[in-house]
Structures are given as C-alpha cells and as structure tokens.
Amino acid sequence: MTIEDKQTDLDKRYLRMARIWAENSYCKRRQVGALIVKDKMIISDGYNGTPSGFENVCEDENYVTKPYVLHAEANALTKIARSGNNSDGATMYVTDEPCIECAKLIIQSGIRRVIYARDYRLHDGVELLERAGIVVEHLFLDSND
C-alpha cells in the first residue's frame, strides 16, 4: 500500500466520522458534520444547528433554513477559538462542500486541507479555498464506506 493509499484510507475514515457526527444535527433539510484534525488527532468537531441557548429547530414553517443557523464548519472553528488548540496546518473533514462564508473562516483559521464528501449547488467556496492555496479534495463516500 502506497503512502497515498494510506492517506486516502485515513481521509475516508475521518469523513465517515464526520458523517456520523452530522447525525447530531436537528436540521431536517440537510445534516452536516465537520471534524478538524491535526497530527492525527481530532481537535474540534461541529455540526449544523442553532446557536447555544436557541431552540433546536433549524427550519421555519415553510421548511426554509433559519438565517441564524450555524454551519458545521463554523461550529467546529468557534470551538477551536474557545479551546487551547489552534488549527494552523490542520485538515478539515466535512460532509458537504463548504460555502463561501465558511471558506473565508477556513482560510483565516490556518487550515491547509479540506476534504469533503458531497457537492453543494454552488462551488464558490471551493474556488476561494483553492485561490488561497488550500488543498481541497472531493472524496466521495458510497454506502459501503
């Protein structure tokens, strides 16, 4: 097994863990999970949902996501800010392709790699990450992963 194969296996493992973490989300339309990994250690995690102290309802009566719902990436990054860890040089594993707002936060956080499993309808987040020199990989997980 090559070094690349070992890295891909590790990336898939962390992506599967992010997918499991997404199950904590109360959002009905889409559950998203994120992990931040540094030196093979998970240093933060997040899933999409409402801010602390808010009701755990992500969509309004018309099934539209409420504007104050936090994305999984933002939740993982704010946990880093409140901890003694830092994300310089880390990898973010996220179940879904980051949006442009999350991409800006990722860039500022010092994360160097982003691995995601599902495409999003817009690709401007990935384009911005790549423009900033961050390695971005779409790693599809099938039902067997």
Side-chain angles (χ1 to χ4, degrees), residues 1-59 65-145:
M1 182 176 278
T2 68
I3 292 171
E4 291 83 19
D5 290 339
K6 287 181 182 177
Q7 184 62 55
T8 299
D9 285 348
L10 191 61
D11 289 341
K12 282 187 175 186
R13 190 172 307 128
Y14 284 124
L15 266 182
R16 286 192 305 269
M17 292 169 73
R19 185 169 60 190
I20 290 167
W21 197 245
E23 294 172 11
N24 290 314
S25 174
Y26 286 89
C27 295
K28 293 182 175 129
R29 287 182 55 217
R30 180 177 286 230
Q31 293 179 313
V32 181
L35 297 177
I36 300 175
V37 176
K38 186 173 180 179
D39 301 324
K40 295 185 180 179
M41 290 178 33
I42 297 170
I43 59 171
S44 191
D45 54 59
Y47 52 87
N48 57 326
T50 58
S52 297
F54 282 64
E55 74 287 350
N56 287 322
V57 178
C58 297
E59 294 87 6
T65 300
K66 293 180 180 181
Y68 52 83
V69 168
L70 291 159
H71 290 188
E73 302 95 320
N75 268 325
L77 289 167
T78 56
K79 280 186 181 181
I80 286 281
R82 295 179 70 180
S83 75
N85 290 319
N86 74 67
S87 51
D88 286 338
T91 298
M92 177 176 277
Y93 295 90
V94 62
T95 56
D96 294 66
E97 182 176 351
C99 71
I100 194 154
E101 293 302 316
C102 288
K104 291 187 274 186
L105 295 173
I106 292 166
I107 291 165
Q108 290 301 97
S109 74
I111 287 173
R112 301 309 318 148
R113 288 177 75 225
V114 174
I115 312 297
Y116 70 94
R118 289 188 299 197
D119 281 326
Y120 185 60
R121 60 184 168 84
L122 303 173
H123 305 291
D124 49 358
V126 165
E127 291 166 6
L128 188 64
L129 290 169
E130 290 173 339
R131 182 175 168 196
I134 294 172
V135 174
V136 180
E137 295 177 39
H138 179 202
L139 191 58
F140 178 75
L141 291 179
D142 61 30
S143 58
N144 296 322
D145 285 323

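Computed from a predicted structure; not experimentally measured. Scope of the values below: all heavy atoms of this structure, side chains included, with no hydrogens, waters or symmetry mates.
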Enquirer: Might you point out which heavy atoms bring Cys102 and Ala74 nearest each other, and give the distance in Å?
Expert: SG-N, 4.4 Å
Enquirer: Would you check if there is a donor-acceptor pair between the side chains of Thr91 and Arg112 at a distance under 3.5 Å?
Expert: no
Enquirer: Between Glu55 and Lys66 (salt bridge meaning N to carboxylate O under 4.0 Å), is one present in this structure?
Expert: yes
Enquirer: What is the distance from atom OG1 of Thr78 to atom CG of Leu70, rounded to the nearest 0.5 Å?
Expert: 6.5 Å
Enquirer: With heavy-atom distances below 4.5 Å as the criterion, would you say the side chains of Lys12 and Leu139 are in contact?
Expert: yes
Enquirer: Do Asn48 and Asn75 come within less than 4.5 Å of each other through their side chains, counting heavy atoms only?
Expert: no
Enquirer: Which pair of heavy atoms, one from Ala22 and one from Gln31, lies closest together, and at what distance?
Expert: O-CB, 3.4 Å
Enquirer: Would a 4.5 Å heavy-atom cut-off, applied to side chains only, mark Arg113 and Asp11 as touching?
Expert: yes
Enquirer: Assess, by modelled atom type and distance only, whether the side chains of His123 and Glu97 contain a donor and an acceptor separated by less than 3.5 Å.
Expert: yes
Enquirer: How about Pro98 and Ile106: do any of their side-chain heavy atoms sit closer than 4.5 Å?
Expert: yes
Enquirer: Shortest non-hydrogen contact from Ala76 to Ser44?
Expert: O-OG, 2.6 Å
Enquirer: If every non-hydrogen atom of Ala103 is compared with every non-hydrogen atom of Gly125, which pair is closest and at what distance?
Expert: CB-O, 3.4 Å
Enquirer: As a quick check of understanding, evaluate side-chain hydrogen bond (donor to acceptor under 3.5 Å, both in side chains) for Asp96 and Tyr116, giving each step before the final call.
Expert: CA-CA 6 Å; Asp96 294 66; Tyr116 70 94; over 6 Å; no
Enquirer: Any non-hydrogen side-chain atom of Ile36 less than 4.5 Å from a side-chain atom of Leu77?
Expert: yes
Enquirer: Regarding Lys38 and Asp88, does a basic nitrogen lie under 4.0 Å from an acidic carboxylate oxygen?
Expert: no
Enquirer: Mind checking the OG-CD1 spacing from Ser83 to Ile43? Nearest 0.5 Å is all I need.
Expert: 7.0 Å
Enquirer: Give me the atom names and distance for the closest heavy-atom approach of Ala117 to His138.
Expert: O-NE2, 2.8 Å
Enquirer: Are the side chains of Val135 and Glu130 in contact, using a 4.5 Å heavy-atom criterion?
Expert: no
Enquirer: Show the numbers, then the answer: is there a side chain to side chain contact (heavy atoms under 4.5 Å, CB included) between Tyr47 and Thr95?
Expert: CA-CA 10 Å; Tyr47 52 87; Thr95 56; over 6 Å; no
Enquirer: With heavy-atom distances below 4.5 Å as the criterion, would you say the side chains of Lys28 and Cys58 are in contact?
Expert: no
Enquirer: Looking only at heavy atoms, what is the nearest atom pair of Met17 and Leu35, with distance?
Expert: CB-CD1, 3.6 Å
Enquirer: Side chain to side chain contact (heavy atoms under 4.5 Å, CB included) between Met92 and Ile115: does it pass, once the steps are laid out?
Expert: CA-CA 6 Å; Met92 177 176 277; Ile115 312 297; over 6 Å; no
Enquirer: With heavy-atom distances below 4.5 Å as the criterion, would you say the side chains of Leu105 and Glu73 are in contact?
Expert: no
Enquirer: Tell me yes or no: between the side chains of Asn85 and Lys79, is some donor less than 3.5 Å from an acceptor?
Expert: no
